[in-house]
Structures are given as C-alpha cells and as structure tokens.
Number of protein chains: 2
Amino acid sequence: MNTHDDQLTIQEAAEVIGLSAHTLRYYERIGLIHPINRASNTHRRYTRDDVGWLDFLNKLRATGMSIRQMQAYAQLQREGDVTLPERVEMLKLHRQEVEAHMDVLREFLKLICYKIELYEGILAEAEAAIEDSTTRIETGAEA
Amino acid sequence: MNTHDDQLTIQEAAEVIGLSAHTLRYYERIGLIHPINRASNTHRRYTRDDVGWLDFLNKLRATGMSIRQMQAYAQLQREGDVTLPERVEMLKLHRQEVEAHMDVLREFLKLICYKIELYEGILAEAEAAIEDSTTRIETGAEA
DNA sequence: ACTTGACTTAGAGTGCACTCTAAGTTGTAG
DNA sequence: CTACAACTTAGAGTGCACTCTAAGTCAAGT
C-alpha cells in the first residue's frame, strides 16, 4: 500500500499499538505525544519511535495510570535528560500502586473463589440428592 | 448514639463497607440491594446481612465487574436458589476475567520495572561520572 | 471524469459510576 | 424554644476517557 520506509499510517499504527485511530489523534491533541510528522498529503506517518512511545503510554494506561499523570510524564520527557530522576520517581510510585492494586485483586479473588467453591458444593449436594431419589424411583424403592 | 441492636445507620454502614452514603443510596436506587428497612424516623437501618451483601458487591466492583453485571447478579440472587448455577457461572467468568487482567498487569509491570532499572542504571552512571570528576578536582588532578 | 476510501479538522456526544444539591423532616442537647 | 446534626428525596451535575460527527481534502483506480 505504501512505500513503507518504516513509517506507519494512523490505521496501521493503531492496529499495532492496540488503540483506535481516534484515540491516537486524541493523545496527540492532549499532548501525550509530539505532533506526528506528516506525509506530503498531510496524513500522519508514525515512526518506530512514535509507536514505541505510544505503546509504552498504552501500558501505563492499562496498568491504571490516569491521563493527567501521563501528561505530566510526557511533559517531563519533553524536557529532556535533566528530568530523568523525576520520571524514575513517577515510575516507582506507579509500580507501587500497581502492586498494591494487584494485592487487592488477589485478596478479593480469593473470596470470589471461596464463594464459587461454596456454591458448587451446594450444587453438588443437590445433584447428589436428585440422583439418589431418581435411583430410588428407578429401582422402585419409593416410600 | 443508637440503641445498637446490631443495625447500622447509613453513615456507619458506609464506613464499615468503604463506600460513601451517597453510593449506598445509589446502589439501592438501581436495585443492587433490596429497599433497606427503616427506623421509625424513616432513616435506613442496615442489618449485618445488608452489610455483608454490600461488602461483596464492593469486592466485585473493585475487581472490575460493571454495575450492569452486578445488577444482573443481584436480580438472579433475588430469584432464589434456582439461579444458583447461573450465579456460579457468572462468578467463574468473572474470576477468569480478573485472572486475565492480573496476567496483563504482571506483564506490563515487568516492563515498567525494566524501565526503572534501565533509568536507574543511567542515573548511577552519571552520578559516578560526577563523583569521579569531583574527585579529580578535589585532588587537583584536573587537565 | 468520477467514485472510492483513507485520511484531515474542530468540536459535539457518549457511557460509566458516581457525587452533589436543595429543600425538607426528625430527634436530641442546651 | 432553639439550634444543630443526621438523615430523607428527586433530580441535576461531574470527571474521566474516549468516541463519534460533519464537512472537507486528496490520491488512486475504472
């Protein structure tokens, strides 16, 4: 389709990254990524680096970082290497939050599993009771 | 405050469960819980069972179940024991989703950890370089 | 020449899950 | 008697993160 010199159209980038083209434009509008370079026809062309950055943003989002936080992170990134310590701090904080979230999920999941087992126990018992009565009927052992 | 015969006010229930009083009323309005019994002054009084159910709902929410799904679950619950198999099915499906979500979190967390280590490595190196040059200055070993 | 389809924009609309407001009632403490 | 705090309601408002719309441009294919 293209003379693919390693640049992707918005549709292609969207597919690779797993975000919609709409969302890609939205992320650009709100400053999560620098203005994407354009082909001669004004269409966006995403470089390997652009895709890498968007992919990382997507992972931050998927682990629950808010758009606001990501904007702050993107801003720091734009300010260059001097902000590396701050960015590391942000990532560490985020890591902590994700880990805390996972701890909660684990705990609640255990309760849900407990409920499932409880209910399955009740169902199995009921099943057994029916089996039993059916057998009695089949063998004419009623009453 | 109350002649606590084991019934909680909305405020107390909210605190115990970890949801706001607003949210408790909201959950009642949208049918996530039956209409709560009232004291003579029309104020809600939450029983131990009410609190248990709301607590369970909260855990479902916290693990990512949508309000819609919880409404479906609450409806089944109201229909009684015949719906137990369906409810178990729902819980099992939800368990699967939570586990899948946790897998994604684990994977993305690994990448974030990798970034942190990478950046910390860079920072440590830079630090070392400064140390080094400072030492050279201190010892008059410049140039 | 015309159609098709992928893109462009600014800005409006959507869905979710709350969260709050305003006006009113009730029960207790001073 | 009065003040206050805690509750009540219906319904409006909020914040988040998209998601879509409408109108337009452009390049390629028939």
Over 12 non-hydrogen atoms of neighbours within 6.0 angstrom of CZ in A/Arg68: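 Check fails, neighbour count at 12 or below.
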Counting heavy atoms not belonging to B/Asp81, are there more than 12 under 6.0 Å from its CG?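 Open: at most 12 neighbouring heavy atoms sit under 6.0 Å from CG of B/Asp81.
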Quick one: label A/Arg29 by what it contacts on the DNA or RNA (base, sugar-phosphate, nothing), any heavy atom closer than 4.0 Å.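 Base contact.
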Heavy atoms under 4.0 Å, any strand shown: does A/Ser20 hit a base, just sugar-phosphate, or nothing?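 No contact.
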Taking the side chain from B/Asn58 and the backbone from B/Asp55, do they hold a donor-acceptor pair closer than 3.5 Å?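 Side chain of B/Asn58 to backbone of B/Asp55: no pair is present.
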Hey, does the side chain of [X] come within less than 4.0 Å of [N]'s phosphate (OP1/OP2), counting only N and O?
| X | N | value |
| --- | --- | --- |
| A/Arg44 | C/dT8 | yes |
| B/Thr9 | D/dC7 | yes |
| B/Tyr26 | C/dC20 | no |
| B/Arg45 | D/dT8 | no |
| A/Thr42 | D/dT25 | no |
| B/Arg25 | D/dA6 | no |

To the nearest Å, how far apart are [X] [atom1] and [N] [atom2]?
| X | N | atom1 | atom2 | result |
| --- | --- | --- | --- | --- |
| B/His22 | D/dA10 | NE2 | P | 15 Å |
| A/Ile30 | D/dC16 | CD1 | P | 11 Å |
| A/Gln69 | D/dC16 | CD | C1' | 14 Å |
| A/Gln71 | D/dG15 | CD | C1' | 14 Å |
| B/Leu60 | C/dC16 | CG | C1' | 17 Å |
| B/Glu28 | D/dT8 | CD | P | 9 Å |
| A/Leu24 | C/dC7 | CG | P | 11 Å |
| A/Glu12 | C/dG5 | CD | P | 17 Å |

Can you tell which of C/dT8, D/dA17, C/dT26 lies closest to the side chain of B/Asn41?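 Of the candidates, C/dT26 comes closest.
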Take A/Tyr27 and A/His43, find for each the nucleotide of DNA chain D with the closest heavy atom, and name the residue whose nucleotide sits nearer the 5' end.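 Taking each residue's closest nucleotide, the earlier one in sequence belongs to A/Tyr27.
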Is B/Leu109 linked to A/Phe56 within one hydrophobic cluster, defined over Ile, Leu, Val, Met, Phe, Trp and Tyr using a side-chain heavy-atom separation of less than 4.5 Å?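 No, no single cluster joins them.
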Are B/Met102 and A/Val104 connected, step by step, through hydrophobic side chains (Ile, Leu, Val, Met, Phe, Trp, Tyr) whose heavy atoms are closer than 4.5 Å?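 They do not share one cluster, since no chain of ILVMFWY contacts under 4.5 Å joins B/Met102 to A/Val104.
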Residue whose nearest DNA chain C nucleotide is more 5′ - B/Ser40 or B/Arg68: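 Residue closer to the 5' terminus by nearest nucleotide: B/Arg68.
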